[in-house]
**Student:** 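Got a structure for you, written out below as structure tokens; questions coming shortly.
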Amino acid sequence: MAVAEQMAFKLALTSQAASTMGFDPKWDAAVANFLRTFSLWQADEEYGAKAKVDEAWQASHILLESRFGKGWKHHPDAAAEVEQADAAYQAGEDAHHEAFVAPYWKALRDLAGTPAPSIAAATFKQLLIQSEEVWNDSAMEVDCMQIVVEDFTRLAA
């Protein structure tokens, strides 16, 4: 997906999420947590610590290539620097995952498990489950199709 398409999708997703609020306090809390964790995850990737780690890792690769040539990854004199850069990158990835990615996925699971208070909320939830592939999350304990069917069945009554 192109950058413009990604931004349009993110805007549509967050706008639709916010538009479902105001009917049920439990739903509102789950949506607010989703929006909070989504925004923090995105911010860290774009201009937070994760972005800085990515930039430093890329800069180290450029420097290593300028010093050791195209085969810098396999140059014996570069091995220690490559290992150091990779370790710093992995530490940044691990910190990002713990601080932002894991809470985001927990928020997704929690929101998926919260009964939708309206057809608009159920439609949003189905889109979120589909777009984020929540059914593939190994920590998701409930069948996502069952969740969606139950929401729409309850709301159609």
Side-chain angles (χ1 to χ4, degrees), residues 1-62 64 73 82-157:
M1 194 180 312
V3 173
E5 290 171 330
Q6 288 175 350
M7 290 305 294
F9 175 75
K10 291 172 185 178
L11 179 60
L13 189 68
T14 56
S15 295
Q16 188 176 12
S19 75
T20 67
M21 297 175 78
F23 300 101
D24 177 71
K26 286 183 181 180
W27 175 261
D28 290 356
V31 171
N33 192 43
F34 159 73
L35 290 169
R36 180 185 65 79
T37 59
F38 179 77
S39 296
L40 289 169
W41 166 49
Q42 295 294 298
D44 194 52
E45 283 198 350
E46 290 298 321
Y47 50 86
K50 169 75 164 79
K52 291 175 177 86
V53 165
D54 289 348
E55 289 171 14
W57 192 59
Q58 291 172 4
S60 73
H61 288 186
I62 292 167
L64 287 165
K73 288 182 183 180
V82 169
E83 187 176 320
Q84 182 180 10
D86 288 351
Y89 179 78
Q90 189 59 55
E93 283 285 313
D94 292 346
H96 173 72
H97 181 81
E98 184 177 330
F100 302 107
V101 178
Y104 174 68
W105 278 93
K106 182 176 182 331
L108 287 173
R109 289 188 302 273
D110 290 348
L111 182 56
T114 302
S118 67
I119 291 292
T123 302
F124 161 70
K125 187 194 317 187
Q126 185 281 322
L127 174 66
L128 185 65
I129 289 169
Q130 180 179 347
S131 65
E132 293 300 288
E133 298 184 12
V134 177
W135 71 88
N136 279 327
D137 183 354
S138 61
M140 187 68 192
E141 296 178 354
V142 182
D143 180 81
C144 287
M145 185 63 192
Q146 179 183 346
I147 289 171
V148 172
V149 168
E150 287 174 2
D151 275 343
F152 283 105
T153 301
R154 185 184 69 259
L155 293 167

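It should be emphasised that the depicted structure is a prediction, and the values quoted were computed from it without experimental measurement. Only this structure's heavy atoms are used, side chains among them; waters, hydrogens and symmetry mates stay out.
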**Student:** Would you name the heavy atoms of D44 and A49 that are closest together and state the gap between them?
**Tutor:**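 Looks like OD1-N, 2.9 Å.
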**Student:** Quick one: closest heavy-atom pair of T114 and A30, and the distance?
**Tutor:**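 Residues T114 and A30, closest heavy atoms: OG1-CB, 3.7 Å.
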**Student:** Where do K50 and E45 come nearest, in terms of heavy atoms and distance?
**Tutor:**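 Heavy atoms of K50 and E45 come nearest at CG-CA, 3.9 Å.
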**Student:** Give the minimum heavy-atom separation between A107 and N33, together with the two atoms involved.
**Tutor:**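 The pair with the smallest heavy-atom distance is CB-ND2, 3.5 Å.
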**Student:** Apply side-chain hydrogen bond (donor to acceptor under 3.5 Å, both in side chains) to W135 and list each qualifying residue two or more places apart in sequence or on a separate chain.
**Tutor:**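 side-chain hydrogen bond (donor to acceptor under 3.5 Å, both in side chains) list for W135, sorted by chain: empty.
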**Student:** Among residues at least two apart in sequence or on other chains, which ones pass side-chain hydrogen bond (donor to acceptor under 3.5 Å, both in side chains) with W105?
**Tutor:**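 None.
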**Student:** With sequence neighbours excluded, what pairs up with D110 under the side-chain hydrogen bond (donor to acceptor under 3.5 Å, both in side chains) test?
**Tutor:**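 Here the qualifying residues are K106.
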**Student:** With salt bridge (Lys or Arg N to Asp or Glu O under 4.0 Å) as the rule and sequence neighbours excluded, what pairs involving residues 131-145 come up?
**Tutor:**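 Output for this query lists R109-D137.
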**Student:** Could you state the interatomic distance from CG (D54) to NE2 (H96), rounded to the nearest 0.5 Å?
**Tutor:**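 The distance works out to 8.5 Å.
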**Student:** Please list, chain by chain and in numerical order, all residues satisfying side-chain hydrogen bond (donor to acceptor under 3.5 Å, both in side chains) with Q90, sequence neighbours excluded.
**Tutor:**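 Q90 satisfies side-chain hydrogen bond (donor to acceptor under 3.5 Å, both in side chains) with D94 once adjacent residues are dropped.
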**Student:** Please report the interatomic distance CE(M145) to CD(Q126), rounded to the nearest 0.5 Å.
**Tutor:**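 If we round to the nearest 0.5 Å, M145:CE and Q126:CD are 8.5 Å apart.
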**Student:** OG1/T37 to CD/Q42 distance, rounded to the nearest 0.5 angstrom?
**Tutor:**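 CD of Q42 is found 10.0 Å from OG1 of T37.
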**Student:** For the atom pair CZ (F100) and OG (S39), what is the distance rounded to the nearest 0.5 Å?
**Tutor:**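 The CZ atom of F100 sits 11.5 Å away from the OG atom of S39.
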**Student:** Tell me, do F23 and D28 make a side-chain contact under 4.5 Å, heavy atoms counted?
**Tutor:**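 A side-chain contact under 4.5 Å is absent here.
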**Student:** I need the full list of salt bridge (Lys or Arg N to Asp or Glu O under 4.0 Å) pairs touching residues 30-41, with sequence neighbours left out, sorted by first then second residue.
**Tutor:**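 Non-adjacent pairs meeting salt bridge (Lys or Arg N to Asp or Glu O under 4.0 Å): zero.
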**Student:** Which word best sums up how the rings of W41 and F38 line up, parallel for under 30°, tilted for 30 to 60°, or perpendicular for over 60°?
**Tutor:**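 Ring orientation of W41 relative to F38: perpendicular.
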**Student:** Quick one: list whatever passes side-chain contact (heavy atoms from CB on, under 4.5 Å) with S60, sequence neighbours left out.
**Tutor:**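 S60 satisfies side-chain contact (heavy atoms from CB on, under 4.5 Å) with W57, A85 only.
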**Student:** Shortest non-hydrogen contact from P103 to A99?
**Tutor:**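 Between these two residues, the closest heavy atoms are CG-O, 3.3 Å.
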**Student:** Residues two or more places apart in sequence or in another chain: which of them pass ring pair (Phe, Tyr, Trp, His ring centres under 6.0 Å) with H97?
**Tutor:**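 Once residues adjacent in sequence are excluded, H97 has no partner under the ring pair (Phe, Tyr, Trp, His ring centres under 6.0 Å) criterion.
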**Student:** Any pair with a residue in residues 6-19 that passes salt bridge (Lys or Arg N to Asp or Glu O under 4.0 Å), sequence neighbours left out, goes on the list, sorted by first then second residue, please.
**Tutor:**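 Listed once each, the pairs would be none.
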**Student:** Can you name the residues that form a side-chain contact (heavy atoms from CB on, under 4.5 Å) with A17, not counting sequence neighbours?
**Tutor:**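 Here the qualifying residues are V31, F34, L35, F124.
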**Student:** Just jot down the side-chain contact (heavy atoms from CB on, under 4.5 Å) partners of D151, sequence neighbours excluded, or say none.
**Tutor:**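 With neighbours one apart ignored, the set is P115, A116, A122, K125, I147, R154.
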**Student:** If I take atom CD from residue Q146 and atom SG from residue C144, how far apart are they, to the nearest 0.5 angstrom?
**Tutor:**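 Rounded to the nearest 0.5 Å, the CD-SG separation comes to 10.0 Å.
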**Student:** Pairs in or reaching into residues 12-24: which pass side-chain hydrogen bond (donor to acceptor under 3.5 Å, both in side chains), with residues at least two apart or in two chains?
**Tutor:**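 For residues 12-24, and leaving out neighbouring residues, the side-chain hydrogen bond (donor to acceptor under 3.5 Å, both in side chains) pairs sorted by first residue read T20-W27.
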